[in-house]
S.K.: 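One structure, pasted below without further comment.
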Amino acid sequence: MDDYTLNKELSEQEIKEQRIILKSKPRKLAVILTSKCNLRCVMCPMTHFRKAHKTDNTIPFEAIKQIYNFLPYLEWIDWQGGEVFVIDYFKELFLKAAAYPRITQDIITNGLLIDEEWAEIIVQNNVLLTYSIDSIRKETYEQIRRGARFEELIKSIEIINKYKERYNSKIRLLLNAVVMKCNYQELYLFPEFCRKYGFAHLRFDYLRHEVATDEDLFTNPEMSIIAEIKDACAEIGLKCRDFGIYFTHSLHSFLSPHRGSVKPQDDSVPFIPPCKSPWRKLTIEDSGGVRVDCKCPRIVGNIIETPLEEIWNSEAMQEYRSAILTGQMQNLCSTICLNNAVESNFFEGI
């Protein structure tokens, strides 16, 4: 039995036994390589960070190479930025992970820097390519993604699809859109676009309220707009089903009548850990900081200062595991996660 299978079986056993200190290794990594980007998107926290601090963060190559020791055990890596394709060492990281074909590499990108060489490499590997596209109308798209040209986006998608067809590739294309004031009335256009360009998965995300307050729909919502978005999501879900496109969103807590509250745990029902991330996953930020998941409010270490191996069973990680096992998650988990857990199967499989 190989290292990956042994580790997966050990991981599931340790979850079942409610272990706090683990012998198993992480099975998933999310890596935010950099805050550098070729665009200045209105809703992106990286854009506002660069503007406020007049600088960019990028994980030093020597620090991020620590993940090589974890590759034999991984099933999934999310590569994020900024924009990952601006980083000169990204190709080496990608190819190192590609040497383990079972690892799904999820690249989150605006897509504008994908050239012929990259497209040919990507489609020949186990990749979920996530395009961040917040509007499929040229004017709105370029208003949101400052510095982008809609024609270059379409060219990038067409290059990927050309090599996908050439190699009979099983690459999966996902489209991710952030819902905000300037685009919420255009959401209904996405299913047709996805069908035309071969996107198998469509996802809508909420806008972080502290990033672009002028575009925020959800902090102090107009209920008529919330109702319109809720109806649109229902209609889009039906259309995507007809097209064979998987549709999901992270808006449950905002669209729910229970908005803003977490339902209390029924003491008569045995507590079941709803989130398995602290047993399976780590997220590394462009500063080197480590969280369990990108939504988690607490940093559990920094790979520039502490080896990733030590962070995995650090006191902070043990605290996360204990909190979930005892149901005392409010001070450690994101309110968005807790609210979404009430309204959907949000945590399952994380």
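Here, residue 1 is the first one in the sequence, and each next residue gets the next number.
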S.K.: Do you know the tightest heavy-atom contact between Gln143 and Val42?
M.R.: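 Scanning both residues, the minimum pair turns out to be O-CG1, 3.8 Å.
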
S.K.: Does the ring of Trp312 carry Lys25 above it, NZ/CZ under 6.0 angstrom from centre and within 45° of its axis?
M.R.: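 No; the conditions do not both hold, so Lys25 does not lie above the ring face of Trp312.
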
S.K.: Within 45° of the six-membered ring axis of Phe61 and under 6.0 Å from that ring's centre, is NZ or CZ of Lys65 located there?
M.R.: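 Satisfied, under 6.0 Å and within 45°.
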
S.K.: Regarding Arg149 and Glu151, does a basic nitrogen lie under 4.0 Å from an acidic carboxylate oxygen?
M.R.: yes

S.K.: Less than 4.5 Å apart, any side-chain heavy atom of Ile107 and any of Thr130?
M.R.: no

S.K.: Evaluate the ring-ring contact (aromatic ring centres under 6.0 Å, His included) criterion for residues Tyr4 and Tyr73: first the C-alpha distance (whole Å), next the side-chain angles of each, then the deciding distance (0.1 Å), finally the verdict.
M.R.: CA-CA 4 Å; Tyr4 166 76; Tyr73 312 104; 9.0 Å; no

S.K.: Are Arg291 and Glu285 close enough for a salt bridge, meaning some N to O gap below 4.0 Å?
M.R.: yes

S.K.: Could you check whether the rings of Phe90 and Phe85 sit parallel, tilted or perpendicular, using 30° and 60° as the cut-offs?
M.R.: perpendicular

S.K.: Between the side chains of Asp214 and Lys181, is the shortest nitrogen-to-carboxylate-oxygen separation below 4.0 Å, so that they form an ion pair?
M.R.: no

S.K.: Below 4.5 Å, heavy atoms only, C-beta onward: do Phe199 and Arg172 meet side chain to side chain?
M.R.: no

S.K.: Between Arg280 and Glu12, is there a salt bridge with N-O shorter than 4.0 Å?
M.R.: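 Yes.
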
S.K.: Under a 4.0 Å N-O cut-off, is there an ion pair linking Glu142 with Lys138?
M.R.: yes

S.K.: Which donor-acceptor pairs under 3.5 Å do side chains of residues 189-198 form with protein atoms, sequence neighbours excluded?
M.R.:
{"unit_1": "Glu192", "atom_1": "OE1", "unit_2": "Arg195", "atom_2": "NH2", "d": "3.1"}

S.K.: With a 6.0 Å cut-off on ring centres, are Phe247 and Phe204 close enough?
M.R.: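 Phe247 vs Phe204: aromatic centres under 6.0 Å.
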
